[in-house]
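All values below were derived from every heavy atom in this structure, side-chain atoms included, with hydrogens, water molecules and symmetry-related copies excluded.
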Amino acid sequence: MRTDATSAPAAAVSRTGNTAPRRALFAGVGFAVLFIGGLVLSSLLGTGMYPSPFDSEAVAASYVAANGGTVLAQGVMHVLAAVSLALFAGSAGNRRVRTAGWAAAAALAASGLLNVVIPAVTGDTLHTLHYLTFLAGGQIHVPLLGLLVAVGTRAATGPRWTTVLGVVAAGLALLSLASFATEAAMLLLPLGRFTAILWIVITAVRTPITIAR
């Protein structure tokens, strides 16, 4: 009886320990697939390039009018990507990793939800929501993603090269804050975003449990 009572909690801990890495793996990879999939879908099905927030109101309105379904689908995929990111962050035992990850996920979810709404509006409202979509999903989300990578890199105990990648990704993403001051810094947004996504995928695949320390 005593042996069974002792082994039952141990088995429960083992099952929990096995579940956390799987959750981090599926959530981290799911975030990357859903986010990038939304961009690919927009490129393949859309007519022309998704407009920049610096384009005129007429350009944005013309694109949305011709690609309302594509904009909506991209928005839905990015909301789902945000949920996956939140789950990835939630799998970490480190409070700062969770906080940074949930903040980054909230910004991306806001951007995705705005994209869902955009096809239903016109005029000044469309132009404003288009800008807010970029703001939430780019200039706010990317630095927060960099913060997630920065604290995750400090908390994780993976190979040295993953630490170097994390430092580079976090640096690029955090430096993208300069895009608030100058349009010339906009290039840092995709650089920071995609190196951070790469770090998240590698961490999810190789060392999902270490950031719980």
Identify each donor-acceptor pair in which a side-chain atom of residues 26-35 lies under 3.5 Å from a protein atom, sequence neighbours left out, and give them as a table.
none

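- Note on Val40 and Phe194: same hydrophobic cluster, where clusters join Ile, Leu, Val, Met, Phe, Trp and Tyr whose side-chain heavy atoms are under 4.5 Å apart, directly or indirectly.
- Both Val64 and Val121 sit in one connected hydrophobic cluster of ILVMFWY residues. Membership requires side-chain heavy atoms under 4.5 Å apart, directly or through other members.
- Cluster membership for Val201 and Leu25, using ILVMFWY side-chain heavy atoms within less than 4.5 angstrom, is shared.
- For the residue pair Pro51 and Val59, the shortest heavy atom distance occurs at CB-CG1, 4.1 Å.
- Residues Met186 and Val142 fall within the same hydrophobic cluster, defined by Ile, Leu, Val, Met, Phe, Trp and Tyr side chains chained together at heavy-atom separations under 4.5 Å.
- For the atom pair CH2 of Trp199 and CG of Leu148, the computed distance is 6.0 Å after rounding to the nearest 0.5 Å.
- Taken from CG in Leu85 to CG in Leu80, the straight-line distance is 12.5 Å, to the nearest 0.5 Å.
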Tell me, with the steps shown, if Leu189 and Gln139 meet side-chain contact (heavy atoms from CB on, under 4.5 Å).
-> CA-CA 7 Å; Leu189 289 171; Gln139 290 172 296; 4.1 Å; yes

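- Looking at heavy atoms from C-beta onward, Leu145 lies out of side-chain contact with Leu108 at the 4.5 angstrom threshold.
- Between the OG1 atom in Thr163 and the CZ atom in Arg154 there is a gap of 12.0 Å [rounded to 0.5 Å].
- Cluster membership for Leu129 and Leu135, using ILVMFWY side-chain heavy atoms within less than 4.5 angstrom, is shared.
- Distance OG1/Thr195 to CG/Leu172: 5.0 Å, rounded to 0.5 Å.
- The two residues Ala109 and Ala82 make their nearest non-hydrogen contact at N-CB, 3.6 Å.
- Using modelled atom types, one side-chain atom of Ser176 and one backbone atom of Ala173 make a donor-acceptor pair closer than 3.5 Å.
- Considering only heavy atoms from C-beta on, Thr203 stays 4.5 Å or farther from Val149 through its side chain.
- The distance from the CG atom of Leu44 to the CG atom of Leu39 is 11.0 Å, given to the nearest 0.5 Å.
- Closest heavy-atom contact between Leu174 and Pro143: CD2-O, 3.4 Å.
- Although no hydrogens or angles enter the test, the distance criterion places no donor-acceptor pair under 3.5 Å between the side chain of Arg23 and the main chain of Phe88.
- The side chain to side chain donor-acceptor pair (under 3.5 Å) pairs that include a residue from residues 25-50 are Ser42-Tyr63, Ser42-Gln74, Thr47-Asn67, Tyr50-Asn115, where partners are two or more places apart or lie in different chains.
- Under the ring pair (Phe, Tyr, Trp, His ring centres under 6.0 Å) criterion, no residue pair touches residues 148-193, with sequence neighbours excluded.
- Pairs of residues two or more places apart, or lying in two chains, never qualify as side chain to side chain donor-acceptor pair (under 3.5 Å) while including a residue from residues 120-135.
- Listed by first then second residue, pairs satisfying side chain to side chain donor-acceptor pair (under 3.5 Å) with a partner in residues 101-112 number zero, not counting sequence neighbours.
- Taking every heavy atom of both residues into account, Val151 and Ala100 meet most closely at CG2-CB, 4.3 Å.
- Rounding to the nearest 0.5 Å gives a distance of 12.5 Å between CZ of Arg193 and CG of Leu188.
- When hydrophobic side chains of Ile, Leu, Val, Met, Phe, Trp and Tyr are connected at separations under 4.5 Å, Leu87 ends up clustered with Val83.
- Between the Thr182 side chain and the Ser179 main chain, no donor and acceptor come within less than 3.5 Å of each other.
- Without hydrogens or angle criteria, His141 side chain to Ala107 main chain gives no donor-acceptor distance under 3.5 Å.
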